[in-house]
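Every chain is numbered from 1, with letters handed out A, B, ... down the list of sequences. Just so we're clear, the structure is a prediction, and the values are computed from it rather than from any experiment.
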Number of protein chains: 2
Amino acid sequence: MSGNSLVKPTHNINIPRPGSAVRGSKTGQPIMVLFDLLGRRWAMGIIWNLYETSCTFRTLQTRCESISPTVLNTRIKELRAAHIIINTPNGYALTEQGRSLYMLLSPLGDWSKEWVLHLRE
Amino acid sequence: MSGNSLVKPTHNINIPRPGSAVRGSKTGQPIMVLFDLLGRRWAMGIIWNLYETSCTFRTLQTRCESISPTVLNTRIKELRAAHIIINTPNGYALTEQGRSLYMLLSPLGDWSKEWVLHLRE
DNA sequence: AACGTACGCTACGTTTACGGTAGCAATACG
DNA sequence: CGTATTGCTACCGTAAACGTAGCGTACGTT
């Protein structure tokens, strides 16, 4: 499945692809494909943690405080297939696209702080 | 449509709350709490679909092409608890905060289109 | 060579989330 | 009365995620 020649997976990973499939969107609108990709546990957290510095599998695992290696590996495969992260000699890093995606996610940081304050009331 | 029928959840829903818990973040950083909330299936899709017009439970279910009522109801409870959506006489709608959150998610629409084009190569 | 260490990653069993279908109670209207 | 639509729940099977353990490789040190 998904003619992407990655390492043979333990259990089949279902990488969101535009135009077909993706959980729930028959039309395969790009935004829904993206939401499918980002709406998986730890996906955005990984992007967030990779922006400052690239890092190895294990340090990434440490930064995401409690992610299992199984899920981390799955997310890595998905995000690599999506060309959002890449494996460099220095470890995993955001691609150019990944960095541009981070720039869009970045404002959520400030928003979440305001949001938390508002929820406290 | 009756206003607020009382909430009697079948299975306990675990609503992300700042400061404690949330899947994987012991520190409870706001951004991680938000990622926990948005990184659940259909969460962002619901926000996306509610921006144009507010709509009822069933129409929302229709707009999200294949969401089960169980999950939709769970997401609604979570997003309501987070003050991102609200139940109005006209159906469910984004709150002021929800709309400001949408404004941040909105650029992802264009980004995803570019991203899809890049993936096709 | 033998040792320790860190690396990316997998196996596997348990728990949790999600999907799919059915259906209930409440409201509205004929 | 009947029917239709609403929000929402029950149930159950499947898929995703967690937690722990460990493999194989590549280093550096002694």
Side-chain angles (χ1 to χ4, degrees), chain A residues 1 6-16 21-26 35-46 50 54-81 85-93, chain B residues 1-16 21-26 35-46 50 54-81 85-93:
Chain A
M1 63 179 300
L6 289 174
V7 222
K8 73 177 171 184
T10 311
H11 49 286
N12 293 338
I13 56 178
N14 190 11
I15 296 172
V22 305
R23 305 180 301 186
S25 178
K26 294 157 191 163
F35 282 165
D36 182 14
L37 181 67
L38 296 183
R40 299 180 179 196
R41 206 166 293 191
W42 284 111
M44 289 186 285
I46 289 173
L50 275 184
S54 63
C55 62
T56 66
F57 188 94
R58 302 233 171 178
T59 29
L60 188 54
Q61 194 179 355
T62 307
R63 287 198 199 171
C64 304
E65 296 175 46
S66 67
I67 186 176
S68 73
T70 319
V71 178
L72 176 56
N73 193 31
T74 308
R75 288 298 96 81
I76 283 178
K77 283 176 187 166
E78 293 166 355
L79 292 174
R80 285 178 66 179
I85 71 176
I86 199 176
N87 197 2
T88 73
N90 293 332
Y92 292 106
Chain B
M1 71 187 75
S2 68
N4 274 331
S5 33
L6 196 48
V7 187
K8 195 168 69 173
T10 312
H11 49 286
N12 293 338
I13 57 178
N14 189 11
I15 296 172
V22 305
R23 305 180 301 186
S25 179
K26 293 154 193 166
F35 282 167
D36 183 13
L37 181 67
L38 295 183
R40 299 181 179 197
R41 206 167 292 191
W42 283 112
M44 290 186 285
I46 289 172
L50 275 185
S54 64
C55 62
T56 67
F57 188 94
R58 301 236 171 177
T59 26
L60 187 54
Q61 194 179 355
T62 306
R63 287 199 200 169
C64 305
E65 297 174 47
S66 67
I67 187 175
S68 73
T70 320
V71 178
L72 176 57
N73 193 31
T74 308
R75 288 299 96 81
I76 283 178
K77 283 176 187 166
E78 293 165 355
L79 292 173
R80 285 179 66 177
I85 72 176
I86 199 177
N87 197 1
T88 73
N90 293 331
Y92 292 105

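If you take OH of Tyr92(A) and C1' of dG8(C), they are 6 Å apart, rounded to a whole angstrom. Rounded to whole Å, the distance from CD1 on Ile67(A) to C1' on dG8(C) is 14 Å. When rounded to the nearest whole Å, the span between CH2 of Trp42(B) and P of dA16(D) equals 15 Å. Between the CZ atom of Arg41(A) and the P atom of dA17(C) there is a distance of 6 Å, given to the nearest Å. Atom CD in Glu65(B) sits about 16 Å away from atom C1' in dG20(C), given to the nearest Å. The nearest whole Å value for the distance from the CG atom in Leu72(A) to the P atom in dA16(D) is 17 Å. Residue Phe57(B) contributes atom CZ, which lies 14 Å from atom C1' of dG23(C) at whole-angstrom precision. Between the CD atom of Gln61(A) and the P atom of dA6(C) there is a distance of 14 Å, rounded to whole Å.
For the pair Arg40(B) and dC18(C), the criterion of a side-chain N or O lying under 4.0 Å from OP1 or OP2 is not met. Residue Lys77(A) has a polar side-chain atom (N or O) positioned under 4.0 Å from OP1 or OP2 of dT10(C). Distances shorter than 4.0 Å separate none of the side-chain N or O atoms of Ser66(A) from OP1 or OP2 on dC18(D).
Summarising the geometry of Ala43(A) relative to Leu37(A), their closest heavy-atom pair is CB-O, 3.5 Å, with the distance given to 0.1 Å. Scanning all heavy atoms of the two residues, the minimum distance from Phe57(A) to Pro69(A) falls at CZ-O, 3.8 Å.
For Thr59(A), the side chain to side chain donor-acceptor pair (under 3.5 Å) partners at least two apart in sequence or on another chain are Thr56(A). Partners of Arg63(B) according to the side chain to side chain contact (heavy atoms under 4.5 Å, CB included) rule, which considers only residues two or more places apart in sequence or in another chain, are Asn49(B), Thr53(B), Cys55(B).
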Quick one: which protein N/O atoms are closer than 3.5 Å to N/O atoms of nucleotides 21-24 of chain D? Pair and distance per line, please.
none

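Contact annotation: the side chain of Trp42(B) never approaches that of Leu72(B) to less than 4.5 Å [non-hydrogen atoms, C-beta and beyond].
A rotation axis mapping the C1' atoms of four pairs onto the next four is fitted at both ends of the helix from dA1(C)-dT30(D) to dG30(C)-dC1(D) over five pairs, and the angle between these axes is 20° to 10 degrees.
Taking CG of Leu60(B) as the start and CD1 of Ile85(B) as the end, the distance is 7.5 Å to the nearest 0.5 Å. To the nearest 0.5 Å, atom OH of residue Tyr92(B) and atom CG of residue Leu79(B) are 11.0 Å apart. The CG atom of Leu50(A) lies 12.0 Å from the CD1 atom of Ile86(A); values are rounded to the nearest 0.5 Å.
Between the side chain of Thr70(A) and the base of dA11(C), a donor-acceptor pair under 3.5 Å is found.
Applying the salt bridge (charged side-chain N to carboxylate O under 4.0 Å, His left out) definition to pairs two or more places apart or across chains, those involving residues 66-76 of chain A are Arg75(A)-Glu78(A).
The residue Ser68(A) sits close to a base: some heavy atom pair falls under 4.0 Å.
In terms of position along DNA chain C, the nucleotide closest to Asn73(A) lies nearer the 5' end than the nucleotide closest to the other residue of the pair Asn73(A) and Arg75(B).
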